Asker: 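One structure coming up, written as structure tokens, with questions to follow.
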Amino acid sequence: MSEEPLHEPDPRADPAAYLGLLARGAPAEAYDRPVLLARASGAGPAALAALERAKQLALRVRAELEGRRRREAELSALFETAHDLAGLRDLDAVLRAIVQRARSLLGTEVAYLSLNDPAAGDTYMRVTEGSVSARFQQLRLGMGEGLGGLVAQTARPYVTESYFDDERFRHTRAIDSGVRDEGLVAILGVPLTLGSQVIGVLYAADRRARVFEREQIALLGSLAAHAAVAIDTANLLAETRSALAELERANGIIRAHSGVIERASEVHDRLTELVLRGGGVHDVAAAVSEVLDGAVEFTEGPLPAESADGHATRRGDAWVAAVSAGGEALGALVLRGQPDLDPVDQRTLERAATVTSLLLLARRSAGEAEQRVRGELLDDLLDAPERDRRLLKERAARLRTDFDAPHVVLAARLDRPEAPATDRDGADRQRLWSAASHLAATRHGLASARDGGTVLLLPLGQGDTAAELARQTAKHLGGTLREPVTVGASSPVGAPATHPGDIAPAYAEARRCLDALRLLGRSGEGAAAQDLGFLGLLLADTRDIAGFVTRTIGDVVAYDRSRGTDLVRTLDAYFASGMSPVRTKDELHVHVNTVAQRLERIGRLLGPDWQSPPRALEIQLALRLHSMSAAVAR
């Protein structure tokens with residue numbers, strides 16, 4: 001009896017190689033490699049059979065491990081989705097997460113979710129992931145149209161391996177164009193249901209033909225259930241928020257109505273207190289701003305007819321209550337920052353406007369009384385300067401006017417074409433006097449109506465000139481009255497307390513200057529005698545000859561003095577020669593180019609218009625006066 005030979009393991013066929021493949025998670029096609037290598041190296045039939053058995057066993061183990069990993073990933077995704085729902089804040093974010101997980105778990109190229117629109121009777125795209133076509137992302141599907149429309153209509157999952165070859169659902173041009181744009185072939189759709197109602201569809205799709213397994217359909221259905229819960233939760237939260245907002249609005253209305261009565265009582269007390277303690281218009285505006293929780297300001301001037309009937313009216317984004325007395329519109333209280341006012345708050349604004357009109361009338365009465373007192377003091381200075389100087393100074397001190405400072409007398413008149421006297425002239429003179437009196441009060445001066453116009457006595461500030469003060473006064477009065485006002489100024493006078501007799505001559509000088517401005521066609525301007533050139537010498541009482549010469553040719557005289565030049569003599573010879581450079585060079589015995597150079601220098605010193613007739617006349621007069629003063633000095 002012969003013994004059977006012992007079989008040693010063939011080292012060329014080692015089943016342990018499959019353990020390494022399992023450990024590193026190799027793909028299924030890699031499991032054929034050990035069998036092929038063993039066969040190529042000459043392994044026997046028994047070894048190859050054992051290796052084939054090991055391969056099948058390893059593939060089963062691999063499949064089991066893959067299934068467990070997939071189920072673990074699916075459970076993890078469902079857990080994460082449930083976690084998202086527990087902390088739901090942003091519905092769109094939750095839906096995007098569900099669609100992303102559906103695409104990842106099913107391994108598809110595209111996933112998307114559509115919602116039904118009951119009002120339009122169709123379903124529309126809400127969230128897409130992996131989509132590249134704008135037309136596809138904007139699709140709307142009618143009920144029963146396309147795969148999604150069929151799912152939405154029947155509340156059952158549908159899957160197709162090849163969309164364009166499937167005749168179970170109705171194809172439309174719009175849907176097919178969108179699907180073709182996206183390049184989709186295989187599509188799985190499951191319904192989103194709340195109870196028995198379908199609210200949308202969740203999809204997974206590929207751009208190639210594929211078969212969706214039953215487990216994948218069930219997984220997508222679970223994700224769709226989570227999406228439906230998220231939408232339902234979000235709707236409930238929205239309804240809750242809406243109900244809370246309505247409740248808050250109702251509570252606000254109750255609180256507002258209870259607060260209205262308190263505010264009305266408060267504003268009545270505060271306005272009464274303001275009147276009793278002598279408050280002003282701005283105090284009223286501040287009090288009403290606080291009570292009505294807005295910004296209230298007083299504006300002067302007339303109002304449109306619809307705003308002047310005593311009631312608060314809406315104009316643009318503001319509420320306006322007219323301030324008037326005896327039919328005269330004094331202005332308005334304007335409330336901003338409160339687009340809606342209840343009737344009680346409107347009446348509060350109207351009551352504040354009434355109080356404002358009373359305060360304005362009281363202030364006007366006091367102001368008119370002070371203006372009359374100021375006018376009487378100035379009239380006394382002009383008409384009876386010999387009165388007791390101490391008494392004049394005391395009266396000025398009570399009006400906060402400093403009679404120890406230098407002053408300027410100004411004559412002002414409204415400028416209009418000459419016309420017969422009318423009733424309007426008296427009203428215009430009153431307006432001018434009122435504006436001038438207000439200006440005088442703010443500058444601690446005096447004003448009085450006189451000779452068809454107004455006379456002002458204003459202190460001269462440090463560094464100011466009479467001419468500048470006249471220009472400022474003309475500009476201010478003209479702007480206030482919105483009509484041209486001409487103002488003539490005197491030369492500065494000394495302290496009225498010491499020299500009250502200088503005021504009347506100064507007023508006469510200011511009137512002469514005013515008349516000269518009108519004759520020169522400079523109506524609506526302000527000026528002093530020093531602004532009028534040689535004419536100022538005739539008008540001014542001081543006859544400031546040196547000042548006139550300095551203002552006219554002072555720069556040329558100073559240049560000669562500092563440089564040792566002879567420009568004054570050249571200028572005198574130039575005018576004496578009839579403004580001829582050739583005759584001038586003969587007079588001076590210099591070359592004509594020298595004359596041209598000197599004249600060019602003179603032009604730079606005196607300005608480009610020095611040869612114009614008016615300037616030339618003033619310059620020649622200044623040259624004569626300069627020559628005479630030099631002769632007297634010698």
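Everything numeric in this text was worked out from a predicted model, so none of it was measured. Along the sequence shown, residues are numbered consecutively beginning with 1. All heavy atoms count here, side chains included; hydrogens, waters and symmetry mates do not.
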Asker: Count the heavy atoms belonging to other residues, nucleotides or ligands that lie under 6.0 Å from CZ of R214, then report whether that count exceeds 12.
Answerer: no
Asker: Please state whether the rings of H171 and Y163 are parallel, tilted or perpendicular, taking 30° and 60° as the class boundaries.
Answerer: perpendicular
Asker: Do NZ/NE/NH1/NH2 and the carboxylate oxygens of R210 and D206 come within less than 4.0 Å?
Answerer: yes
Asker: For residues L194 and A228, report the shortest heavy-atom separation together with the two atoms involved.
Answerer: CD2-O, 3.5 Å
Asker: For the pair R431 and E483, find out whether any cationic side-chain nitrogen is under 4.0 Å from an anionic carboxylate oxygen.
Answerer: yes
Asker: Taking C-beta and beyond as the side chain, do F212 and L220 meet within less than 4.5 Å on heavy atoms?
Answerer: no
Asker: Tell me the closest heavy-atom pair linking R173 and S177, and the distance in Å.
Answerer: O-OG, 2.7 Å
Asker: Do I199 and N116 have side chains that get closer than 4.5 Å, going by heavy atoms?
Answerer: no
Asker: Is the shortest heavy-atom distance from the side chain of V334 to the side chain of V296 under 4.5 Å?
Answerer: no
Asker: Taking all non-hydrogen atoms of both residues, which atom of P191 and which atom of V198 are closest, and how far apart?
Answerer: CB-CG1, 4.3 Å
Asker: What I want to find out is whether E297 reaches R336 closely enough, with some N-O distance under 4.0 Å, to be called a salt bridge.
Answerer: yes
Asker: Please indicate whether R207 has more than 12 foreign heavy atoms, meaning atoms of other residues, nucleotides or ligands, lying under 6.0 Å from its CZ.
Answerer: yes
Asker: Which atom names give the shortest non-hydrogen contact between R208 and A186, and what distance separates them?
Answerer: O-CB, 3.4 Å
Asker: Could you pull out the closest heavy-atom pair between G146 and I175, with the gap in Å?
Answerer: N-CD1, 4.0 Å
Asker: Do V190 and V151 make a side-chain contact, defined as non-hydrogen atoms from C-beta onward lying under 4.5 Å apart?
Answerer: no
Asker: Report the distance from atom CG of L115 to atom CD1 of I231, rounding to the nearest 0.5 Å.
Answerer: 4.5 Å
Asker: State the CG-CH2 distance between D428 and W433, to the nearest 0.5 angstrom.
Answerer: 15.0 Å
Asker: Which of parallel (below 30°), tilted (30 to 60°) and perpendicular (above 60°) describes Y112 and Y203?
Answerer: parallel
Asker: How far apart are the closest heavy atoms of P484 and G524, and which atoms are they?
Answerer: CB-CA, 3.9 Å
Asker: Would you indicate whether the side-chain heavy atoms of R101 and R96 approach each other to under 4.5 Å?
Answerer: no
